[in-house]
Number of protein chains: 2
Amino acid sequence: MSNAYNRPDQLSPELRRRVLETARRLGYPGPDPVARSLRTRKAGAVGLLLTENLSYAFRDPAALGFLEGLALACEDAGTGLMLIPASPEREDVAAVHRAGVDGFVVYSVPDDDPHLAAVLERPVPTVVCDQPDLTNVDRVGIDDRSAMNELARHLIAMGHRRIGVVCMRLARDRNDGYVSVDRQHAAHFHVQRSRLAGLAMAFSEAGVDWSRVPVVERFDHNTASGESAAAQVLDRDPTITALICTSDILALGAMNEAKRRGLRVPEDLTVTGFDGIHEAERAGLTTVRQPVLEKGRAAGKLLLDVGERTRPRSVNLSTELITGRTASAPRTITEERWFGP
Amino acid sequence: MSNAYNRPDQLSPELRRRVLETARRLGYPGPDPVARSLRTRKAGAVGLLLTENLSYAFRDPAALGFLEGLALACEDAGTGLMLIPASPEREDVAAVHRAGVDGFVVYSVPDDDPHLAAVLERPVPTVVCDQPDLTNVDRVGIDDRSAMNELARHLIAMGHRRIGVVCMRLARDRNDGYVSVDRQHAAHFHVQRSRLAGLAMAFSEAGVDWSRVPVVERFDHNTASGESAAAQVLDRDPTITALICTSDILALGAMNEAKRRGLRVPEDLTVTGFDGIHEAERAGLTTVRQPVLEKGRAAGKLLLDVGERTRPRSVNLSTELITGRTASAPRTITEERWFGP
DNA sequence: TGGAGTGACCGTAACGGTTCAGAACCAATT
DNA sequence: AATTGGTTCTGAACCGTTACGGTCACTCCA
């Protein structure tokens, strides 16, 4: 029976014809994929864990690019891609247990995520993208720290010393406000932690006391967050010359807020982002471009590559500093040089 | 054993503890989801069939909206969403056979699609969105014909009689060029066929000879297609006062081309779209808004709604005519009235 | 004290395929 | 005639789980 469908060469055409004929007559709908998966130990699909309301993935351009790359890799391999329903609010990891997949791709989740823990218990290969950074699990990502460090040096070279920072959520708890250095170090999101560390290192070397740099965190990732965060920083510290945001979305929001206050960018305020999304390019944002689509594709390839099983493997993709039109030397540079930072 | 994991109330805490303890000691990774699916006849996932390069779904805003809505419905139900790798180039329907899912959502495929045929053979519920329009299969969509008809009447009321039309692909074969009335009627894509029919009806009633209206088709759906298609129409028929596009993407391309030619929109040329995507709104496009996210959500709900099994069910969502800034009365309206259309 | 009732626990039979060993058959060789 | 080789076909085992019914010990009440 099985042979009639899957291995036509193993039996005579006559028998095959007869088998298929009776199968049709009996209304047999073809081999059951689940039973097949059980026997062959292959599900023909990979699971994607996002731990974020799923619609986030469809609205955030960076996540979307990743998703597209992953989908392409799966398509190439003829493998299904299953989106696991794991919103942050539901602690219920049953969905992870129920997923009939050959492996998982985990995209940008906090290191204490319960769904991630459930994934790692499953006896299937896993690839983590961006975060967390786990030893003994395959990984795809970028060097967030040095990428941000490079951007910081770029601003420092321009003369910026009085800066403000807007970053994405650092942990699973909501903290829309200022971030202590302790919280920065304890952040459960490796990516944000690294980007802040890159900034801290560069500015410390330039003689700036990092502990006095205002860093504001926002839980939700959208332009409204960027706006309110920028407002919060500018309200407290109107003398800053640059506002560094850890994502383009936040930076676009910050630019809205700057315009609302009548601040010209970059003449009155330098604004920078991170990601290199399309909208940022259109706005001429100074930012760091990371290859989001390639990240997805690399994650898929790594997971589906049955060869090379010398785990763990780690892929670091390269980033590029994009010098746009939103960063320039601060107006008050000479004055600042005089008085010191 | 099974009870220890899934039904703690069926056994004493003591035994449960002992079972779990030994399980851990033996390195038992928890119940196998595939075996469970086989036994319970529930896969806990629905399949999505797109029959379009998967990355299309992530680039086309309308498709993306649908995807988001569907993902939300699945998330609410705690169900996985599996993207089936079925690019149009590969005739290989094995992926459909291999998918361990409880049902399929089919989004906008031609009526002669082989993957669709394979889906319909599977003994699981199916919901089709937009196209094709099959009797005895659940359906979610809009009334494309009357929506487009309403838009046409809007333009007719403004005085437009000399029009050109740009539409998306009408069949699986590539035909980048003019479309005969025969091909319009024979189109394998129900949605495009209906939209053209809505136009044809409105303009025929207004005294326009539909067979002489230039209709140009493009296989690829992007702004470049809109540009070249608009160019093709305007080259042959520079006297048209309105260019009606069957999608916003095409319309945005058409506007680019108009600008390139120094034609002002809407003073020199009226341009309209269809879908109501975000970018169209920003551009002030006159178009028809359809609730893409709701379509996805409705499709998911229909599929997952275990109750009501009086099939087939059909959901028609309502559309809305958006009067933007890209349509106005033709400049030559008095002249045209004098000489007739 | 016996019998019914209750609850905890356990054994077994599907679920629907794939795979593989070996039977059956036929032809060719020794 | 017996052995060998090769092909086609059949049957049984197995994948890991859940549903179900049966066993057993224990309690409660007459």
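Just so you know, these numbers use all the heavy atoms, side chains as well, and skip hydrogens, waters and symmetry mates. Lettering of chains follows the sequences in order, A, B, ..., and the numbering in each one begins at 1.
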Per A:Ala35 side chain, nearest of listed nucleotides D:dT17, C:dG16, C:dT18: C:dG16
Sidechain-backbone polar pair: A:Asp102 side chain, A:Gly44 backbone, donor-acceptor under 3.5 Å: yes
B:Arg98 CZ to C:dG16 P, straight-line distance once rounded to whole Å: 21 Å
Length of the line joining B:Lys42:NZ and D:dG16:P, which is rounded to integer Å: 23 Å
Spacing between A:Asp102 atom CG and D:dC15 atom P, to the nearest angstrom: 18 Å
Audit row: A:Arg174, A:Asp220, salt bridge (Lys or Arg N to Asp or Glu O under 4.0 Å) steps and yes/no: CA-CA 9 Å; A:Arg174 179 182 287 269; A:Asp220 294 320; 3.4 Å; yes
Parallel, tilted or perpendicular, as decided by the 30° and 60° cut-offs, for the rings of A:Tyr107 and A:Phe66: parallel
Lys/Arg N to Asp/Glu carboxylate O, A:Asp76 vs A:Lys301, below 4.0 Å: no
Spacing between B:Arg39 atom CZ and C:dT12 atom C1', to the nearest angstrom: 11 Å
Integer-rounded Å distance: D:dT8 P and A:Arg18 CZ: 14 Å
Atom pair distance, as rounded to whole Å: CZ in A:Arg36 and P in D:dG16: 18 Å
Phosphate contact (D:dT18 OP1 or OP2) by B:Arg41 side-chain N/O below 4.0 Å: no
Atom-pair distance (CG on A:Leu38; P on C:dT18), nearest Å: 11 Å
Value in whole Å for how far the P atom of C:dG16 lies from CG of A:Leu26: 14 Å
Nearest-nucleotide pick for A:Asp32, side chain only, options being D:dG16, C:dT18, C:dG16: C:dG16
